[in-house]
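Accompanying notes for the structure given below.
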Amino acid sequence: MITDEIRKELFLLQDEKYREFQIKLIPTVKEESIIGVRTPALRNLAKQFAAKEGIDTFLAALPHLYFDENQLHAFIISVDKDFAHCISETERFLPYIDNWATCDQLSPKVFKKYRDELLPFIKKWICSDETYTVRFAIGMLMEHFLNEDFDALYLDMAAGVHSEEYYINMMRAWYFATALAKQYDAAVKIIENRALDFWTHNKTIQKAVESYRITPKQKEYLKSMKVPLK
């Protein structure tokens, strides 16, 4: 079976030192599920297997046993050139994502060409009860809707997410810091109005101040709006 073939290839690419690094970096994943395959090797393997007959069998074999299988799965979806098939596979895979790394590696290139069709899915995902589905939705807003297709309403969508989940709020902070770099006049209003919870508000400012894309004057203004936390 193709799943067995893929698993064999993953273990052949195992890097024990990298595995130890990943165990520390991704605490929400069980240690025994991490094989330890480096990202460039996974990308190459994804290109190799994406066009293979029977790959849909692997994509349907959820949940996967290994973290690296999830990583490979994300990379295979990301190179899918058929939007309808890609969005279908993305929707099937999202509920099984259990860590920030796999979530952030899932970045289908075809979405860039179909932003109008993508937006309704983002609006659905951002309302999910699943941590990484929400994180993915915000990531897609950041990746595809902060440039020519920007609308301030998208800022409100991300600001409207209320969660205690660290991995959601970290993505929200990343999103708003990026928005400040790309759409400052609109994004700064979110900070001025304190539309975010205090933690995300302060983390956004921290990330923005660290960015080379924010001017020194803007950084000073943002720092003046940090909220003292008890």
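Index from 1, following the sequence.
- Applying the ring pair (Phe, Tyr, Trp, His ring centres under 6.0 Å) test to residues at least two apart or on different chains, the pairs with a partner in residues 168-199 are Y166-W199.
- Considering only residues two or more places apart in sequence or on other chains, R43 meets the side chain to side chain contact (heavy atoms under 4.5 Å, CB included) condition with T39, F75, Q105.
- Alongside Y212, the hydrophobic cluster contains no other residue (criterion: ILVMFWY side chains under 4.5 Å).
- In this view, F150 satisfies the ring-ring contact (aromatic ring centres under 6.0 Å, His included) rule with no residue, not counting sequence neighbours.
- Pairs engaging residues 148-161 under the salt bridge (charged side-chain N to carboxylate O under 4.0 Å, His left out) rule: R115-E148, R115-D149 [sequence neighbours left out].
- F67 meets the ring-ring contact (aromatic ring centres under 6.0 Å, His included) test with no other residue; sequence neighbours excluded.
- Under the rule for a side chain to side chain contact (heavy atoms under 4.5 Å, CB included), the partners of T215 that lie at least two apart in sequence or sit in another chain are K217, Q218.
- Contacts classified as side chain to side chain donor-acceptor pair (under 3.5 Å) and involving residues 128-140 (residues at least two apart or in different chains) are given here: D104-R135.
- Through side-chain heavy atoms spaced under 4.5 Å, either directly or across other Ile, Leu, Val, Met, Phe, Trp or Tyr residues, V79 is tied to no other residue.
- For the pair R92 and E89, the salt-bridge criterion is met [side-chain N within less than 4.0 Å of a carboxylate O].
- Remark: K47 engages no residue in a side chain to side chain contact (heavy atoms under 4.5 Å, CB included) (not counting sequence neighbours).
- Contacts classified as ring pair (Phe, Tyr, Trp, His ring centres under 6.0 Å) and involving residues 79-98 (residues at least two apart or in different chains) are given here: H73-F93, F83-F111, F83-Y114.
- For L13, the side chain to side chain contact (heavy atoms under 4.5 Å, CB included) criterion is met by V37, A41, L45, not counting sequence neighbours.
- To the nearest 0.5 angstrom, E32 atom CD is 12.0 Å from I35 atom CD1.
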